[in-house]
Amino acid sequence: MLFCNNSKKIICAFQNAGAVNKEHAVTLDHLKLSQTAHVDKMIKRQIIIPCETDKFYLNTAVLDIYKSTRNHFIRIIVIILILFLLAVILGILTR
């Protein structure tokens, strides 16, 4: 999942450093991060944008889209589970 604890730590590191645009890009060393699989996945998804001289910044617009999509997906799953539980309960009551 994209927003596991490691991803949240990475996002917070960029936000706390103010690295949310090209002008404020920082190195991963500055953030005390290394280029892990989580960072690579976020780069691939363009949540973290690489710049010249090994600097990076957080693409907040794309991050917001991912968060919104995740929240929408969770709502759909919850609705499906509620409908399933209602169907089970009604099925038991009608026996």
Side-chain angles (χ1 to χ4, degrees):
M1 178 172 237
L2 177 62
F3 296 105
C4 65
N5 281 338
N6 288 334
S7 296
K8 287 180 184 177
K9 289 177 186 175
I10 294 166
I11 291 166
C12 286
F14 277 93
Q15 290 173 330
N16 291 339
V20 293
N21 55 40
K22 189 174 183 174
E23 293 77 29
H24 295 98
V26 294
T27 64
L28 294 177
D29 285 339
H30 177 81
L31 299 174
K32 295 182 174 64
L33 298 173
S34 56
Q35 194 150 351
T36 62
H38 290 288
V39 172
D40 288 339
K41 185 183 288 188
M42 294 173 84
I43 291 169
K44 181 180 177 185
R45 292 181 176 170
Q46 297 182 350
I47 295 172
I48 296 175
I49 305 296
C51 298
E52 67 284 340
T53 63
D54 296 327
K55 290 186 177 184
F56 300 85
Y57 69 93
L58 184 66
N59 186 341
T60 55
V62 172
L63 178 62
D64 290 342
I65 290 169
Y66 271 97
K67 284 182 178 179
S68 174
T69 302
R70 181 196 62 182
N71 290 340
H72 183 70
F73 178 74
I74 290 170
R75 282 188 210 111
I76 290 172
I77 295 299
V78 168
I79 289 169
I80 290 170
L81 287 173
I82 290 170
L83 291 174
F84 175 75
L85 290 173
L86 282 173
V88 169
I89 291 169
L90 291 176
I92 291 172
L93 293 177
T94 58
R95 285 186 179 185

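Along the sequence shown, residues carry numbers from 1. The structure displayed is predicted, hence computed values, not measured ones.
Side-chain contact between Lys55 and Thr27: present, with at least one pair of heavy atoms (C-beta onward) separated by less than 4.5 Å. Side chains of Ile11 and Leu63 form a contact here, defined as non-hydrogen atoms less than 4.5 Å apart.
Leu58 contributes atom CG, which lies 6.0 Å from atom CD of Gln15 (distance to the nearest 0.5 angstrom). Here CD1 of Ile77 is found 9.0 Å from CD1 of Ile74. Values are rounded to the nearest 0.5 Å. Rounding to the nearest 0.5 Å places SG of Cys51 at 12.0 Å from NE2 of His24. Taken to the nearest 0.5 Å, the CZ atom of Arg75 stands 14.0 Å off from the CD1 atom of Ile80. Residue Asp40 holds its CG atom at 10.5 Å from NE2 of His38, rounded to the nearest 0.5 Å.
Tracing side-chain contacts under 4.5 Å through hydrophobic residues (I, L, V, M, F, W, Y), one reaches Val78 starting from Leu86; they form part of the same cluster. By the rule that hydrophobic residues join a cluster once side-chain heavy atoms approach within less than 4.5 Å of another member, Val62 and Phe14 end up as members of one cluster. Cluster membership check: Leu31 shares its hydrophobic cluster with Ile47, using side-chain heavy-atom separations under 4.5 Å among Ile, Leu, Val, Met, Phe, Trp and Tyr. Transitive grouping of hydrophobic side chains (ILVMFWY, heavy atoms separated by less than 4.5 Å) brings Leu33 and Ile43 into a common cluster. Ile48 and Tyr57 fall into different hydrophobic clusters, defined by Ile, Leu, Val, Met, Phe, Trp and Tyr side-chain heavy atoms under 4.5 Å apart, directly or through other members.
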Give the C-alpha distance, both sets of side-chain angles, the deciding distance and a yes or no for side-chain contact (heavy atoms from CB on, under 4.5 Å) between Leu28 and Gln35.
CA-CA 7 Å; Leu28 294 177; Gln35 194 150 351; 4.0 Å; yes
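Within a 6.0 Å sphere centred on CD of Gln46, other residues, nucleotides and ligands contribute 12 heavy atoms or fewer. Annotation: Asp54, atom CG; neighbour count of heavy atoms from other residues, nucleotides and ligands within 6.0 Å does not exceed 12.
Side-chain N or O atoms of Thr69 include one that pairs as donor or acceptor with a backbone N or O of Ile65 at under 3.5 Å.
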